[in-house]
Undergrad: 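Okay, handing you the structure first.
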Amino acid sequence: MNPAVPLVVILGPTAAGKSALAVEVALRWGGEVVCCDSTQIYRHFDIGTAKVPPAEQRGVAHHLVDLAEPQEVFTAGEYRRRALEVLSGLRRRGRLPVFTVGTGLYLRALLEGLAEAPGRAEELRERLRRRASVRGPESIHRLLARLDPASAARIAPRDTAKAIRAIEVSVQAGLPMSEVLRRPRPRLEGFSPVKIGLMPPRAALYERIERRTGAMLAAGWLEEVRGLVARGVPPDAKPFQFIGYSQLRAHLSGVVDLAAAAGAIQQATRRYAKRQITWFRREPEVQWFEGFGDDPVIQEGAIATLGTRLGPAATGT
RNA sequence: GCCGGGGUAGCUCAGAGGUAGAGCGCGGCCCUGAAAAGGCCGGCGUCGGCGGUUCGAUUCCGUCCCCCGGCA
């Protein structure tokens, strides 16, 4: 068994400056960035998902971006498998993994593992969705209550997405999902995570979200969306549900003017940031910094904290 | 200056003699293969100011201030 090696995790809400800090850390300790973001997985959806442009990568390798085509469905389990591959490569080459985490579930799937459970069953999902739209979301919940009362008690009656997953698992596994979840989970071995959290003041974060939306539009976001539609990416492709892409598609089809679309994007982003904050607050053993990751003062503090765990910087830049 | 209309939550507004609600916003939360998804909870308030009537006024009366129209 190899001794545990460090792994850096940088987490925080969208627009908190995770990417900039990650590149700094990677440059200091000879690391490579590993993205943990469910949207940057998709190819061709670049501007709105805030992928790091090559110039800002400053020669640092970025992993787990552009893994899937827009019409594919990517999952937390798939993320875990791909991340483990990347980690073993980095370990072999003696490079420090620096995760930028916007998607809390994916991080949890990697660090704590997922219970061994059946994967998606598209046909069953489709049937259940149809049932939900014809007979109402509660009908799905009633079905679940018969298959798995414990899960039904835990899942809200109108939370169709969670109820469908619970039914899917229970049916395929032949026992209630609540039982399946009791199985041991394969925790990440051989790495000791060091977690840095970015938590800018709320007002400043919201201001930055507003400005970034404008900057993304100025950078050609609308043209990107127009191009995706033109090249035939189907409207029901997963990434078209992401924040901004749905609103800009509505704008292109003439339903709303651009200003209204931009306002809706900003609002959706604020809500998303709030949900991320709620999730990350429960993450254990995080060293929190109350500012932005591209602020030199915050970077200095984070790097000093990391220094106590990683030792002095391997490369002096 | 005169005549209307109006000042109630962050915004738009409803309401009624017994200290107030809706939508949006905002805040809090949940989460095991769609997670930028999906779901749950919360009113956060000098009812423009000051007097008066009343057991009780945000509601009725007076007055002042402010906003929006129209006429000057």
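Residue numbering restarts at 1 for every chain, and letters A, B, ... go by the order of the sequence lines. Just so it is clear, the values below take in all heavy atoms, side chains as well, and ignore hydrogens, waters and symmetry mates.
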Undergrad: Under 4.0 Å between a side-chain N/O of A:Arg275 and OP1 or OP2 of B:C31, yes or no?
TA: no
Undergrad: Can a donor-acceptor pair be found between the side chains of A:Asp148 and A:Ser178 at a distance below 3.5 Å?
TA: yes
Undergrad: So what does A:Ala117 touch, heavy atoms closer than 4.0 Å: a base, only the sugar-phosphate, or nothing?
TA: base
Undergrad: Base, sugar-phosphate, or nothing for A:Phe74, non-hydrogen atoms under 4.0 angstrom?
TA: sugar-phosphate
Undergrad: Taking only N and O in the side chain of A:Arg185, is any of them less than 4.0 Å away from OP1 or OP2 of B:U32?
TA: no
Undergrad: Does a nitrogen or oxygen in the side chain of A:Arg282 sit under 4.0 Å from OP1 or OP2 of B:C31?
TA: yes
Undergrad: Heavy atoms under 4.0 Å, any strand shown: does A:Ala109 hit a base, just sugar-phosphate, or nothing?
TA: nothing
Undergrad: For the P atoms, the ones on B:A20 and on B:A16, what distance do you get once it is rounded to whole angstrom?
TA: 16 Å
Undergrad: Taking a pair as Watson-Crick (N1 to N3 plus N6-O4 or O6-N4) or G-U wobble (N1-O2 and O6-N3), both under 3.5 Å, which stems of 3 or more consecutive pairs involve RNA chain B?
TA: B:1-7 with B:65-71, B:10-13 with B:21-24, B:26-30 with B:38-42, B:48-52 with B:60-64
Undergrad: Below the 4.0 Å mark, does B:U32 have OP1 or OP2 next to a side-chain nitrogen or oxygen of A:Tyr79?
TA: no
Undergrad: Which part of the nucleic acid, if any, lies within reach of A:Arg120 when heavy atoms closer than 4.0 Å are counted: base, sugar-phosphate only, or nothing?
TA: base
Undergrad: List in chain and number order the residues that pass side-chain hydrogen bond (donor to acceptor under 3.5 Å, both in side chains) with A:Arg212, two or more places apart in sequence or in another chain; answer none if no residue qualifies.
TA: A:Thr14
Undergrad: Looking at B:A35, I'd like to know if its phosphate oxygens (OP1 or OP2) sit under 4.0 Å from a side-chain N or O belonging to A:Lys238.
TA: yes
Undergrad: Considering only distance and modelled atom types, tabulate donor-acceptor pairs under 3.5 Å from the side chains of residues 53-65 of chain A, sequence neighbours left out.
TA:
residue, atom, partner, partner atom, Å
A:Gln57, NE2, A:Val52, O, 2.9
A:Arg58, NH1, A:Glu24, OE2, 2.7
A:Arg58, NH2, A:Glu24, OE2, 3.4
A:His62, ND1, A:Val60, O, 2.9
A:His63, NE2, A:Glu32, OE1, 2.6

Undergrad: When you measure from the side-chain N and O atoms of A:Arg202 to the phosphate of B:G28, is any distance below 4.0 Å, counting only OP1 and OP2?
TA: yes
Undergrad: Before you tell me yes or no, could you show the steps for A:Leu96 and A:Leu310 under side-chain contact (heavy atoms from CB on, under 4.5 Å), namely the whole-Å CA-CA distance, both residues' side-chain angles and the distance that decides it to 0.1 Å?
TA: CA-CA 10 Å; A:Leu96 174 72; A:Leu310 306 178; 3.9 Å; yes
Undergrad: Contact class for A:Thr49 (heavy atom, under 4.0 Å): base, sugar-phosphate, or nothing?
TA: base
Undergrad: Name the nucleic acid region contacted by A:Gly104, choosing base, sugar-phosphate or nothing; use a 4.0 angstrom heavy-atom cut-off, strictly under.
TA: nothing
Undergrad: Could you measure between the two C1' atoms, the one in B:U8 and the one in B:G70, and give it in whole Å?
TA: 27 Å
Undergrad: Hey, quick one: are A:Val98 and A:Val86 part of the same hydrophobic cluster, counting side-chain heavy atoms closer than 4.5 Å, chains of contacts allowed?
TA: no
Undergrad: Does the side chain of A:Tyr245 pick up a donor-acceptor pair with the side chain of A:Glu224 at under 3.5 Å?
TA: yes
Undergrad: Does NZ or CZ of A:Arg80 come closer than 6.0 Å to the centre of the six-membered ring of A:Tyr106, within 45° of the ring's axis?
TA: no
Undergrad: Between A:Tyr106 and B:A35, is there a side-chain N or O to OP1/OP2 distance below 4.0 Å?
TA: yes
Undergrad: Base, sugar-phosphate, or nothing for A:Arg129, non-hydrogen atoms under 4.0 angstrom?
TA: base
Undergrad: Looking only at side-chain N and O atoms, does A:Arg80 come under 4.0 Å of OP1 or OP2 in B:G33?
TA: no
